[in-house]
Amino acid sequence: MKKTFTLITAIQLLSLTLLAQERPISGFKTQNISIQRDIEQKFDAGLNKENIGVTIKELSANPHHLGSKGSKAVAESVLNKFKSYGWNAKIETYYVLFPTPKTRSVELLGNNKYHATLEEQAVKEDLATAQQGQLPPYNAWGADGDVSAGLIFVNYGLPADYDKLERLGVSVKGKIVIAKYGRSWRGIKPKIAYEHGAVGCIIYSDPKDDGFVKGDVYPQGAFKPEFAVQRGSVMDMVIYPGDPLTPGIGATKDAKRIERAEAKTILKIPVQPISYHDALPLLTALKGQVVPSDWSGGLPVTYHIGDGSTLVRLNLAFNWDIVPAYNVVAKLEGSKFKNQWIIRGNHHDAWVNGAADPVSGLASLLEEAKSIGLLAKAGIKPKRTLVYIAWDGEEQSLLGSTEWVEDHAAELNNKAVAYINSDGNGRGFLEAGGSHALENFVSEISKEVKDPQVNSTIFERWKANKVISTASLSERKKIQDNQNIDLGALGTGSDYSAFLQHLGIPTLSLGFGGEDEGGEYHTNFDTYDNFIKFKDPGFEYGLALSQTAGRAVLRLANADVLPFNFTNLQVKIATYVTEVTALAKQLKETAQSQNTLISNGAYQLANDPKENLKNPPTQVELPEFDFKALNAAVDSLKTAASHLNQSVTTSLASGANTDKLNTLLFQAEKQLLQENGLPGRPWYKHSIYAPGLYTGYGVKTLPGVREAIEQYHVKEVQEQISVLTASILKLSQFINSTKHF
C-alpha cells in the first residue's frame, strides 16, 4: 500500500511538473521561458525546509524587541547570513522614539479591591517563557496618565458598539472603557473611546475569541492561557506610520524632530492591555444593564455594561527614549538593469521571542536569499538588482521600513519596480494581497507551487477554501469560474505601507495561514516550542513561502517585459465604484426607511419597555451623487489597459528593445497618487490602496469615498469622486503613452 501511494504521488508530482512546463510565464519571450523554468528548478533545489527550522530556532531563541541588545544581536546574525550567501549587506540605522513602561497599574477601587497582575506566567514545559529581557505587557503610544473613573464595558469598542450604547442611554464621557481585543486593529479601540470622551482604555483578550472556549490552552493546546496578554502598538497610523517625531523624513541621527507634544499619532489617553485573568474581577464588579446577548464573552460571569459606579484607577508612565532601529539591507546587483530594484522584506523585531511573528517569515526570506546566492555563485545572476531587507521596529508601527522609505524616497521613486512583503507564516492557505495589476502574475505562480499537505497546487487549495467559505451561490460560481487569485486590498498592517501608500510602488504581501490558529500573538508564548507544535511543525509552509515569494522575485527580476496587467486593476476599480455607488443608494434608502419608522413610533412599539431603549437618531438623507465622470474614467482605463496588453504582446513577439516600456510599466501605478493627501492624513496620498479610517488592515472599496459616504460628509464625497476621477484619467493617459514602444 505504501509503495502504491508513493508511485501515485510521484506520478502526480510529475504531472504537476509537466503542467508547469507547459504554462506560459507572463512577461517572458517564448525562447526565455525554458531558461527561467530551469533557474526556478535550481532555485528550488537550493531550498531546505530543515534549514528554515534551524533559522527560526536561532533567531527566536531570545527576546529581541526594538532597541534591545537582543534586537542588535539578531540584526548582526542576519547581516552575517546575507554576507555568507554572497550578498553585499550592511546595517542602516535610524533613531526613533520608543516608549517603554516605567509605571503600569490597573486597580479596582471600592469594597472589592483588586490590583491587576499585568504579568504573564511562565510554563515549565517551555523554558523560553521564563527568559530575562522580556518587555512587560503594554500598549505602545498610549499617553502617560493617572486617572480614576467609572468603568464601562464597550464590547469590541467599534463605532457600532457606541451606537448601541447611545441607544441604551450609556455615555462613556469621563469614564474608563474596557474593550475586547478583536474585530479590528487594536489602535482603533482607544481612538474611538477618546472621540467619545473616555479618559482611559483597557483592552483584554476574551477566552471566547482565542482562549479556552476555542480549545486547550498552551502548552496543552494552541490557545491563550489565562495570564497571557497581547502587547501591541496603538499609534494612530491612519494619520501616518513611522517615527512620530519625524513625519515625512527619515529619522536619521541629525534629523529635525518635532516636540513630542506636537506628534499627532500619539494617543491622548492612557491604554493598557490585560489578561482575561485580570479582566474577570473587573467585569464581575460591573453593575447596571446586562449586555446585549451578542456582546457576552466566555468568562464565567454575567456581562454588564456598567453604570459608572465601579471605579478603576489606571496609572501609566513611560520612558520616551530615542533608540536605534537596525535595518539589515542586502543587495545583489543586476546583470543587465542595475537601476531597477526588486525589493523583498520581512521584519526581524518582535515583542518578545517572536517565533511566529516575525521570525517564521524572516526565515523563509533568508532561505530565498541563500538559494539565490548559490545561483549567483554559479553564474546565474538576476537581470535586475535584488534588495532584501530585514526591518526593525515594525511592531511599534512600521518604524524601520517607514524611515528607510522616507530617507530613500527619491532613489526609490526612480528605481523600485516592486516591493514584496511577508510577515508571520504558518500552516494553511495562501494569503495574498497587493497591487491588482499583479493578479495574473501571482496566479501563475500559485498554479506551480505545490501545497505541502495535499496533492494539489496552492491555487487550487486557495480556491477550494474560498468556495467553501462563501455562502452565496452566485459568489461561489464566480469563484469557481475565476482562474485568478483575488488579491486583497492592503491597509496599514505591515511594512508594505510606506512603499504602496506613500510612494505608489507596486506591492505584494504573501504568506500562509488559516490552519495555525492560536493565542500566542504578541505574547511571551510565541516561542519556538509553540511554533513547532502548533504553527508549522515540519516547516513545510516555510518552504512553500520561499518557493512562492522567491518565484515572484526571480520572475520580476528576469522578465523581458514586466508582468503588470492593468486590465485586472481596471476590473477591480470598476467593482469598487459599483460598490460605493450601491452603498450611497443603500444608505439613502436606509435613512429614509429608518426616519419613517422613527416618526411613526415603530421603535417605541417594538422595543421591550423594560429595556428603555432610546430611538436611534434621525439620519441625514444623502443626496444623489454623480458617478458618471468616475465611471467614464474607469471605461477609459479599460480601453488603455487593453491597448497596453496588445503592445506588450507585440513587444515580446518582435524582440524590440523594451527598456522604455518597462520603465513606464513600473512607474504607472504612481499616477493614482495625488500629492494633497487624504483629509486629515497628509502622509497617505489619494489612492484606491489608502487605508480606511476604521477598517484596520484592509478595505474592499475606494476608502476615501466610502468613508465620506458612511460619515455623511457630502462635500468630501464630491471632492473624493473628483480626485479619483482625475487620478484614473491620469493613469489612462500615462498607459496610453506606451503605445509607441
Side-chain angles (χ1 to χ4, degrees), residues 23-28 36 40 340-345 368 382 384 386-387 412 416-422 430-449 458-459 462-463 482-491 494-497 499-501 503-511 545 547-576 637 640-642 644-645 648-649 652 658 661-673 687-689 698 700 731 734-735 738:
R23 292 184 187 277
I25 303 179
S26 294
F28 284 81
Q36 179 63 21
E40 290 173 12
Q340 293 182 16
W341 293 0
I342 313 301
I343 308 172
R344 171 82 171 93
E368 295 163 33
R384 293 179 177 85
L386 305 186
V387 184
L412 291 169
V417 171
Y419 173 69
I420 300 170
N421 189 72
S422 60
L430 176 65
E431 297 172 346
S435 300
H436 300 305
L438 290 170
E439 281 189 348
N440 282 355
F441 173 73
V442 174
S443 299
E444 288 180 0
I445 292 171
S446 71
K447 293 171 184 176
E448 298 184 10
V449 176
I458 60 175
F459 172 78
W462 170 88
K463 188 173 180 177
N482 189 9
Q483 292 305 308
N484 278 335
I485 290 283
D486 183 17
L487 289 181
L490 296 176
S494 194
D495 289 306
Y496 51 72
S497 184
F499 291 92
L500 181 64
Q501 294 146 358
L503 296 187
I505 294 167
T507 296
L508 290 174
S509 185
L510 301 171
L545 177 56
Q547 292 170 332
T548 305
R551 273 172 172 72
V553 168
L554 291 170
R555 291 188 181 187
L556 286 170
N558 294 329
D560 298 303
V561 176
L562 290 167
F564 295 107
N565 187 329
F566 292 96
T567 296
N568 296 88
L569 177 62
Q570 184 275 333
V571 169
K572 194 67 68 172
I573 292 176
T575 302
Y576 291 169
L637 179 58
S642 177
L644 176 59
N645 289 342
V648 168
T649 301
L652 286 171
T658 58
L661 175 60
N662 277 324
T663 299
L664 287 171
L665 281 167
F666 77 77
Q667 294 291 343
E669 201 159 295
K670 294 183 178 69
Q671 309 312 306
L672 287 172
L673 300 183
S687 169
I688 64 165
Y689 298 115
K700 292 184 178 179
L731 175 60
F734 188 86
I735 289 175
T738 64

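These values consider heavy atoms only, across backbone and side chains, with no hydrogens, waters or symmetry-generated copies.
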Where F566 and A641 come nearest, the two heavy atoms and their spacing: C-CB, 3.6 Å
Between F564 and V648, does the side-chain contact (heavy atoms from CB on, under 4.5 Å) criterion hold? Intermediate values first, please. CA-CA 10 Å; F564 295 107; V648 168; over 6 Å; no
Can you find a heavy atom in the side chain of V449 that is under 4.5 Å from one in the side chain of L430? no
Between N645 and T567, is any side-chain donor less than 3.5 angstrom from a side-chain acceptor? yes
How long is the span from the CH2 atom in W462 to the OG atom in S443, to the nearest 0.5 Å? 7.0 Å
Is any side-chain heavy atom of L661 closer than 4.5 Å to one of D560? no
Answer yes or no: is there a side-chain heavy-atom contact under 4.5 Å between L487 and N568? no
Identify the heavy atoms of A552 and I420 that sit nearest to each other, and give their distance. CB-CD1, 3.7 Å
What's the shortest heavy-atom distance between F666 and L562, and which atoms? CD2-CD1, 3.7 Å
Residue pair A549 / L510: nearest heavy atoms and the distance that separates them: CA-CD1, 4.0 Å
Return yes if a side-chain donor-acceptor contact under 3.5 Å exists between Q36 and N558, otherwise no. yes
Do N440 and S26 have side-chain atoms, one donor and one acceptor, less than 3.5 Å apart? no
For E368, which of R344, R551, Q547 qualifies under side-chain hydrogen bond (donor to acceptor under 3.5 Å, both in side chains)? R344
One pair to check against side-chain contact (heavy atoms from CB on, under 4.5 Å): T507 and D495. What are the steps and the verdict? CA-CA 10 Å; T507 296; D495 289 306; over 6 Å; no
Test Q667 against F734 for side-chain contact (heavy atoms from CB on, under 4.5 Å), laying out the working first. CA-CA 9 Å; Q667 294 291 343; F734 188 86; 3.9 Å; yes
Please name the pair of heavy atoms, one in S497 and one in Q501, separated by the smallest distance, quoted to 0.1 Å. OG-OE1, 2.6 Å
Rounding to 0.5 Å, atoms CG (N484) and CD (E444) come to a distance of 8.5 Å
Pair L490, N421 - check side-chain contact (heavy atoms from CB on, under 4.5 Å), show working. CA-CA 11 Å; L490 296 176; N421 189 72; over 6 Å; no
Is any side-chain heavy atom of V442 closer than 4.5 Å to one of I445? no
For a 4.5 angstrom cut-off between non-hydrogen side-chain atoms, does I735 reach Q570? no
What's the spacing between E448 CD and I25 CD1 if we round to 0.5 Å? 6.0 Å
Should E669 and H436 count as side-chain neighbours, where that means a heavy-atom distance under 4.5 Å? no
Flag, side chain of K447 to backbone of Q483, donor-acceptor distance under 3.5 Å: yes
How about I485 and F459: do any of their side-chain heavy atoms sit closer than 4.5 Å? yes
Without swapping roles, check the side chain of E40 against the backbone of R555 for a donor-acceptor pair under 3.5 Å. no
Does any non-hydrogen side-chain atom of V417 lie less than 4.5 Å from one of P506? no
Between the CG atom in L500 and the CG atom in L508, the distance rounded to the nearest 0.5 Å is 10.0 Å
Taking all heavy atoms of I505 and all of A416, pick out the closest pair and write down the distance. CD1-CB, 3.6 Å
K463 side chain vs N482 backbone, donor-acceptor pair below 3.5 Å: yes
